[in-house]
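To start, the structure itself, in structure tokens.
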Protein chains: 2
Amino acid sequence: MPKYKQFNRDKVLEAASNVFHEKGYNGTSIDEILTATGLSRSSLYDSFKDKHNLYLQSLEFYKESNDKKFQSLDEKDLNGLQKLETMFKGVVNHLVENPDDNGCLLVNAAAEMSKQCFKTSQVICNNKDEVQNLFSSWISDAEQKKVVKLNKPAKVYGQFLYNTLCGLRVMSQSGAGKTELNNVVKVALDSLN
Amino acid sequence: MPKYKQFNRDKVLEAASNVFHEKGYNGTSIDEILTATGLSRSSLYDSFKDKHNLYLQSLEFYKESNDKKFQSLDEKDLNGLQKLETMFKGVVNHLVENPDDNGCLLVNAAAEMSKQCFKTSQVICNNKDEVQNLFSSWISDAEQKKVVKLNKPAKVYGQFLYNTLCGLRVMSQSGAGKTELNNVVKVALDSLN
DNA sequence: AATAATTTGGAATATTCATTCCGATGTTTT
DNA sequence: AAAACATCGGAATGAATATTCCAAATTATT
């Protein structure tokens, strides 16, 4: 048809990341991606090289749209503890209200691909470090504003809360319900005292 | 050759679960399983029906060998807190000393298969409940012996510590190192006070 | 209006994969 | 020792897979 691309790159990556999210890398076929994105076979290979490259770009797209959510929460006029509470509440709510949602694409990618693809492990590791640092900054803020009292460096709690977050995603894929997830969050946040 | 099976069922399941552990369900081919187990194609299909069935049996084998480790720890003459400390120390040590070990087969199965295979999700959910209950009993024991002081039911801490454990597996697949994992364990166990 | 530029549809290719099947092999039983 | 029986090796099958390729379609430019 066209002289300029007929599709929106972000829409394609969003659709692709949804499929990868649902079925994993090895579990999704190119045909499934074609129907999900509406792209033609040749357009996909022209624009995204191959399946593996599309996967990596989908991962980064997912990561960036995650980052945006974190950033918009970060910009809210809340203290660090409130930001953490809001974030965890949001995650649990999402998991509970979307029981078919297959956890977190990055967690699934860590499980499926991190030992088999160095580039995948890089994206995952970067995400981990960034989110931990954000959490640590929230915790430092909460400490400064004296809404929490810590006996370890803020960085350590950032690592701990990131671990808690990863756990929640696995728990929801293991059949955990609302109260179970809420209990976990409650104990985790209570440790900031 | 034989009139009776030439192979040891447990050895086969152990080898198979190692491959599934390393590469996931969709990432491993029958051929890889054949070379890993030493079985012939026809023996495998004769004794294990098909790939999917072999996967489920491998999962249960893995779960049971995990259970045994937990049980032998449970039988030790330690209070509940010491058992938890020993367990977490063992997990972190294992993850650190075997950097190529691909996390936990059950966690990986949760990420890859739980939404696509009901039987897989059953194994995972059962494992979650059992381990949580074991942890809760250890915590109750520690409470009774007054080595910890809780302000929530033991069951809730069992859920929390199981979540922490799942998180550790993902963290190690995300490039977390020894101190990072130890920090997580430290904060998690400190919450029992 | 014609040419240039670029995407697209879908057929074609070549691998890889899970599974089936049968003759050969060996072991137990009589 | 020979018949009965179950396993095993490996070829064969057929479906699914990722990727390539080319002609048709469409728009921008001249």
Side-chain angles (χ1 to χ4, degrees), chain A residues 1-59 61 105 108-109 112-113 116-120, chain B residues 1-59 61 105 108-109 112-113 116-120:
Chain A
M1 304 178 186
K3 185 141 180 179
Y4 301 116
K5 287 208 192 301
Q6 288 300 90
F7 58 85
N8 177 290
R9 200 189 110 98
D10 281 4
K11 291 255 178 211
V12 169
L13 288 180
E14 188 188 355
S17 70
N18 283 337
V19 184
F20 284 131
H21 190 179
E22 204 179 327
K23 307 217 168 186
Y25 177 73
N26 287 305
T28 79
S29 69
I30 292 286
D31 281 7
E32 285 173 302
I33 289 174
L34 294 184
T35 59
T37 58
L39 246 62
S40 82
R41 205 172 296 275
S42 20
S43 305
L44 187 140
Y45 280 94
D46 242 38
S47 303
F48 297 98
K49 187 179 158 80
D50 58 17
K51 184 187 178 186
H52 190 250
N53 207 275
L54 176 63
Y55 181 70
L56 288 172
Q57 295 195 40
S58 301
L59 281 189
F61 175 84
L105 175 55
N108 297 356
E112 186 183 8
M113 299 296 284
Q116 308 200 44
C117 169
F118 179 65
K119 288 185 180 175
T120 297
Chain B
M1 306 173 182
K3 186 143 180 177
Y4 300 115
K5 288 205 193 303
Q6 287 299 93
F7 57 85
N8 177 290
R9 200 189 109 97
D10 282 3
K11 291 255 178 212
V12 169
L13 288 180
E14 189 189 354
S17 70
N18 282 338
V19 184
F20 284 131
H21 189 178
E22 203 180 328
K23 306 215 170 187
Y25 177 74
N26 287 305
T28 80
S29 69
I30 292 286
D31 282 6
E32 286 173 302
I33 289 174
L34 295 184
T35 59
T37 59
L39 246 63
S40 82
R41 205 172 295 274
S42 22
S43 304
L44 187 141
Y45 280 93
D46 244 38
S47 302
F48 297 98
K49 189 179 159 77
D50 59 17
K51 184 186 177 184
H52 190 249
N53 207 276
L54 176 64
Y55 181 69
L56 288 171
Q57 295 195 42
S58 300
L59 282 189
F61 174 85
L105 175 56
N108 297 356
E112 185 182 9
M113 300 295 284
Q116 309 201 44
C117 170
F118 180 64
K119 288 184 178 175
T120 296

- Task: Quick one: pull up CG in A:Leu59 and OG1 in A:Thr120 and give me the separation to the nearest 0.5 Å.
- Result: 5.5 Å
- Query: CG of A:Leu44 versus P of D:dT20: gap in Å, rounded?
  - Reply: 11 Å
- Query: B:Tyr45 OH to D:dA11 P: how many Å, rounded?
  - Reply: 17 Å
- Do A:Asn108 and B:Glu112 have a side chain donor and acceptor closer than 3.5 Å? no
- Query: Are a donor atom and an acceptor atom from the side chains of B:Glu14 and B:Asn18 found within less than 3.5 Å of each other?
  - Reply: no
- Message: Whole angstroms only, please: what is the CG-C1' distance between B:Asn53 and C:dT19?
- Response: 14 Å
- Query: What is the distance from CG of A:Leu34 to P of D:dT19, rounded to the nearest Å?
  - Reply: 11 Å
- So which nucleotide from C:dT8, D:dA11, D:dA18 ends up closest to the side chain of B:Arg41? D:dA11
- Whole Å only: how far is the CG atom of B:Asp46 from the P atom of D:dC5? 17 Å
- Message: Closer than 3.5 angstrom, by distance alone: can the side chain of B:Glu32 be matched with the main-chain N or O of B:Ser29 as a donor-acceptor pair?
- Response: yes
- Is a donor-acceptor pair below 3.5 Å formed from side chain B:Ser42 to base D:dG10, judging by atom type as modelled? yes
- Message: Can you tell me which nucleotide in D:dG9, D:dT17, C:dT8 comes closest to the side chain of B:Ser40?
- Response: D:dG9
- Task: Quickly work out the A:His52 NE2 to D:dA18 C1' distance and round it to whole Å.
- Result: 14 Å
- Item | B:Tyr25 OH - C:dA18 P separation (whole Å) | 8 Å
- Would you indicate, yes or no, if C:dT7 has its OP1 or OP2 atom less than 4.0 angstrom from a side-chain nitrogen or oxygen of A:Ser43? no
- Query: Could you give the CD1-to-P distance, from A:Ile30 to C:dT15, as a whole number of Å?
  - Reply: 18 Å
